[in-house]
2 protein chains.
Amino acid sequence: MAGSIAAERPRTARGTATKARIVEAAADLMRAHGVASTSVDAVLAASKASKSQLYHYFADKDDLVLAVIQRQTECVLAAQESMLRGLTSLAGLRRWRDAVVELSRESQCAGGCPLGSLVSELAESPKPRAQLAESFARWEAYLIAGFKAMRDRSGSKSSVDLADLATAVLAALQGGLLLAQTTRSTRPLELALDMAIDQVASRLK
Amino acid sequence: MAGSIAAERPRTARGTATKARIVEAAADLMRAHGVASTSVDAVLAASKASKSQLYHYFADKDDLVLAVIQRQTECVLAAQESMLRGLTSLAGLRRWRDAVVELSRESQCAGGCPLGSLVSELAESPKPRAQLAESFARWEAYLIAGFKAMRDRSGSKSSVDLADLATAVLAALQGGLLLAQTTRSTRPLELALDMAIDQVASRLK
DNA sequence: AGCAGACTGGACTAATCGGTCCAGTAGGAG
DNA sequence: CTCCTACTGGACCGATTAGTCCAGTCTGCT
C-alpha cells in the first residue's frame, strides 16, 4: 500500500530546499510529540509548505516517516562520528560520555534519542523497523572501530567480541536516555554510561 | 483540560468488570500499536463495550491512558516481584536475567517493555510522565531490596550506592529491550543484562 | 414488588485526519 | 523570447477521530 509509487526527487535547488524544510520540520515534530500524533497539516504549517508540495516529494505519510528516520540517522551518526573519531583510550571514551550527557542536558532530557524514541511506535512496521535496525548497526560500527583502535593502541590481547561490547554500550546509552527522559534528570544516563565504560575497561584489559 | 472531572468509580460488580475489560483491551492495543494510534473505537471493539461505557468510567482518552499506565505498572511489578523475591545471590540474579530474556523471547521481542514503550510517546505530557517516573522508581526499589539482601548475605562491606546500581541495571534492561525490539533478537537484551550483572558483581564485591 | 441510581447501546456531531486534484507560477534550456 | 516542466497554492473529499447525549435496561436495597 505504502511507497508503491516512488517518491519524486527534486530537480531544482528550490525543490531540494522545500523537501529538506519539510523533512526537518517533520523530524522535529515527530521527535517531540511522536510519529502518530504529528499530523501532515502540522508539518506543513511548521515548514511553511503546502499539501501539494509534500505529496509531490513523498508518496504518503509513511514515506515521509522513512525520510525522517533517514535524516535522524545521518544527524546522529555525524555527531557520533565526530565524537568517536580518534577514540583510542578510556580517557577518550570518558570524554565521549561527557559529551553525550551534555547533549542530553542541553535539551532538558526531552525527546530522548532521535532514533531510539522512534522505536516503540515503528517497531511493528517492517520497513521502518528494518531501517532503524540498520541505523543502530551503523552506530555500533563506529563504536566497534573505536574499541578496535583502543585495543590495538593498548597492545591488549583480549579476545572479547567487540561487536557484542558495542551492542551492550549502545543498550546502556538507549536505556539511560529513556530513563533520563522519564525522570528529567541526566543521572540515569550518567550511571548507565559509567557502567558501560567499566565494562569496556574490564573486557578490553 | 484532561481529568477536570474525576473518573467515575464503578459501584457494582458488573461495572468493575466492564472497566477492567476496557483497560485491558486498551493496554494490549497501546502496547502493540502505540498510544496515539490506538483509537477509542478500537478499544471499544476489542473490549466489546460501548462509547457511553467508556466515558462513564473515564473523563477522556488521557484519563484512560493513565489507567493503562497504572495497570501495566501493576502487571510488571507483580511479575518482577515474584522473580526478584528471595534474591540473595549472583546466581539468583542470573536466574532473573534468564527469566526476563525468556519473557522477551516468548513475544518474539515485540512490544518491548510494557512501561518503557510508553515513554517516548508520553514523556512530554506532565501527568503520564510523572506516573511513569514513579513506576520506574518502584521497580528500582525491588532491585534495591534484592541487592541489599545479596550484600547482607555475602557479608560484603561494599559501600556502593544500591540505588545507583539499580538505576544502571534498569537502564541496561530498558536499552536491551529497545534494541531487541528493533533487531527482533534477544541478543542485545542478553548482552546488556550480562553487562549489568558484571557491574553488580564487581560493585557488590 | 418497586424504586433509585448505576449501567448500557448506539445515534449523532464537529473537528481533524490523510490524501487528491487542478489551475496557476516560476525558472532553466534553446 | 518561448516553451517545457518542475514546482506551488489551496479548495476539496471521504474516512475517521474524540467526545456528547438520551432513552432504555439492569441491580442492589428496602
Side-chain angles (χ1 to χ4, degrees), chain A residues 1-27 29-30 33-68 121-122 125 127-128, chain B residues 1-27 29-30 33-68 121-122 125 127-128:
Chain A
M1 35 189 80
S4 56
I5 292 170
E8 208 82 29
R9 276 196 41 203
R11 258 157 259 247
T12 69
R14 188 169 54 136
T16 306
T18 299
K19 184 171 181 179
R21 242 170 47 232
I22 292 172
V23 174
E24 189 187 338
L29 289 171
M30 287 176 181
H33 311 115
V35 173
S37 42
T38 295
S39 72
V40 170
D41 286 336
V43 172
L44 264 23
S47 61
K48 295 188 203 307
S50 72
K51 221 148 216 196
S52 63
Q53 289 175 286
L54 192 148
Y55 285 98
H56 186 66
Y57 296 113
F58 305 96
D60 49 28
K61 192 187 175 184
D62 290 347
D63 194 27
L64 173 61
V65 168
L66 289 181
V68 166
E121 270 190 286
L122 300 174
S125 319
K127 271 174 96 163
Chain B
M1 36 190 82
S4 54
I5 295 169
E8 207 81 28
R9 275 197 43 204
R11 258 157 257 245
T12 68
R14 188 168 55 133
T16 306
T18 299
K19 185 171 182 181
R21 242 169 49 231
I22 292 172
V23 174
E24 188 186 338
L29 289 171
M30 287 175 181
H33 310 116
V35 173
S37 41
T38 294
S39 71
V40 170
D41 286 336
V43 172
L44 264 24
S47 62
K48 297 190 202 310
S50 73
K51 221 147 218 197
S52 62
Q53 290 176 285
L54 192 147
Y55 284 99
H56 186 67
Y57 295 112
F58 305 96
D60 49 27
K61 192 185 175 184
D62 290 347
D63 194 27
L64 173 61
V65 169
L66 289 181
V68 166
E121 272 190 283
L122 300 175
S125 318
K127 270 174 96 164

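Just so it is clear: chains get the letters A, B, ... in the order the sequence lines come, proteins before strands, and each one is counted from 1. Because only heavy atoms are used, hydrogens play no part in the values below, and waters and symmetry mates are left out as well, while side chains stay in.
Using a 4.0 Å cut-off, some side-chain N or O of B/Gln53 falls inside it from OP1 or OP2 of C/dT8.
Remark: A/Thr16 OG1 to A/Arg11 CZ distance equals 10.5 Å, nearest 0.5 Å. Taking CG of B/Leu122 as the reference point, atom NE2 of A/His33 lies at 12.5 Å (rounded to 0.5 Å). Within the model, atoms CD of A/Glu24 and CG of A/Leu29 stand 10.5 Å from one another, a figure rounded to the nearest 0.5 Å.
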For nucleotides 14-19 of chain C, read 5' to 3', which letter fits each nucleotide if B means a protein heavy atom sits under 4.0 Å from the base, S means only the sugar-phosphate is that close, and - means neither?
-> ---SBB
Tell me, for nucleotides 24-30 of chain C in 5' to 3' order, what letter each nucleotide earns: B for a base near a protein heavy atom under 4.0 Å, S for only sugar-phosphate near one, - for neither?
-> --S----
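When all heavy atoms of A/Ala27 and A/Val68 are compared, the closest pair comes out as CA-CG1, 3.7 Å. For the residue pair A/Pro10 and A/Gly15, the shortest heavy atom distance occurs at CB-C, 3.5 Å. Between B/Leu54 and B/Leu64 the shortest heavy-atom distance is CD1-CD2, 4.2 Å.
In this structure, B/Glu8 atom CD and D/dT20 atom P are separated by 14 Å, rounded to whole Å. Computed from coordinates, the B/Tyr57 OH to D/dG19 P distance equals 19 Å when rounded to whole Å. Summarising the geometry, the separation between CG on B/Asp63 and C1' on D/dT20 is reported as 17 Å, rounded to the nearest angstrom. For the pair A/Arg21 CZ and D/dG9 C1', the interatomic distance rounds to 13 Å; values are reported in whole Å. Between the C1' atom of D/dT8 and the CZ atom of A/Phe58 lies a distance of 15 Å, rounded to the nearest Å. One can place NE2 of B/His56 at 19 Å from C1' of D/dA18, the figure rounded to the nearest angstrom. In this structure, B/His33 atom NE2 and D/dT17 atom P are separated by 13 Å, rounded to whole Å. Between the P atom of D/dG10 and the NZ atom of A/Lys48 lies a distance of 13 Å, rounded to the nearest Å.
Checked for salt-bridge contact, A/Lys127 and A/Asp62 miss the test: no charged N lies under 4.0 Å from a carboxylate O.
Heavy-atom nearest nucleotides on DNA chain D were determined for B/Ser52 and for A/Arg9, and the one closer to the 5' end corresponds to A/Arg9.
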Show the distances under 3.5 angstrom between N or O atoms of the protein and N or O atoms of nucleotides 2-5 of chain C.
none

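For the pair B/Ser125 (side chain) and B/Pro128 (backbone), a donor-acceptor distance under 3.5 Å is absent. Side-chain atoms of A/Gln53 come within 3.5 Å of backbone N or O of A/Ser50 as a donor-acceptor pair. Listed for the A/Glu121 side chain is no donor-acceptor partner under 3.5 Å among the backbone atoms of B/Gly34.
With A/Phe58 as the aromatic partner, A/Lys19 meets the cation-pi criteria of under 6.0 angstrom to the ring centre and within 45 degrees of the ring axis.
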